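All values derive from a computational prediction rather than experimental measurement.
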Amino acid sequence: MASRGARTVGSNFILASLLASFSYLPFELVAKFTLVVCVGLFVVDPFPISRLVSIAGVAVVLAITRARQHFLLLEAEEEERQQQQQQSINSTSDKSD
């Protein structure tokens, strides 16, 4: 009985370690890996619930990707706005000298 509990804890620890290591990888790589796993699960596993989980996984990856793209776009716009403000400040100070 104790060995079965130890096995469960060991497998949970391995899974947790694997998921934690994904946090150090680039987002694109993790997203592609997730999509491959979801497609594999959708094709291989005949149970309808696992197919729904696969579709939900793809939807989550899509939502995260769109949110990331939106954030990067906003960040680039903000950076461009700051550069324009800096240039206008520099040109104003040059004119006053």
Side-chain angles (χ1 to χ4, degrees):
M1 188 70 128
S3 65
R4 191 172 101 190
R7 240 183 312 171
T8 303
V9 170
S11 65
N12 288 340
F13 181 72
I14 291 171
L15 180 62
S17 299
L18 178 67
L19 292 175
S21 66
F22 282 156
S23 67
Y24 294 106
L25 297 174
F27 170 74
E28 292 84 8
L29 184 64
V30 174
K32 288 177 184 176
F33 177 76
T34 303
L35 291 175
V36 168
V37 169
C38 287
V39 167
L41 184 63
F42 187 86
V43 171
V44 173
D45 202 2
F47 299 109
I49 293 176
S50 65
R51 289 187 172 178
L52 290 175
V53 168
S54 296
I55 292 171
V58 170
V60 167
V61 169
L62 179 63
I64 292 172
T65 302
R66 285 186 179 173
R68 181 177 181 268
Q69 288 174 345
H70 181 71
F71 175 74
L72 291 176
L73 180 65
L74 291 176
E75 194 174 63
E77 288 174 357
E78 180 65 29
E79 185 176 313
E80 183 179 329
R81 191 175 312 130
Q82 287 178 354
Q83 288 176 352
Q84 289 175 351
Q85 287 176 350
Q86 186 65 32
Q87 287 174 353
S88 67
I89 290 171
N90 288 343
S91 65
T92 306
S93 66
D94 289 341
K95 290 179 183 178
S96 65
D97 288 342

Worksheet item: Phe22, Tyr24: one ILVMFWY side-chain cluster at the under-4.5 Å cut-off?
Response: no

Fill in: hydrophobic_cluster_shared for Leu18 and Val37, side chain cutoff 4.5 Å
yes

Are the side chains of [X] and [Y] in touch, meaning some heavy atoms are under 4.5 Å apart?
{"X": "Lys32", "Y": "Val36", "result": "no"}
{"X": "Glu78", "Y": "Arg81", "result": "yes"}
{"X": "Leu74", "Y": "Glu77", "result": "yes"}
{"X": "Leu73", "Y": "Gln69", "result": "no"}

Item to complete: Search all heavy atoms of Ile64 against all heavy atoms of Phe27 and return the closest pair with its distance.
Response: CG2-CE1, 3.3 Å

Worksheet item: From Asn90 CG over to Gln83 CD, what is the distance, rounded to the nearest 0.5 angstrom?
Response: 11.5 Å

In residues 53-63, what donor-acceptor pairs under 3.5 Å come from side-chain atoms, sequence neighbours left out?
from: Ser54; atom 1: OG; to: Cys38; atom 2: O; distance (Å): 3.2
from: Ser54; atom 1: OG; to: Phe42; atom 2: N; distance (Å): 3.4
from: Ser54; atom 1: OG; to: Ser50; atom 2: O; distance (Å): 3.0

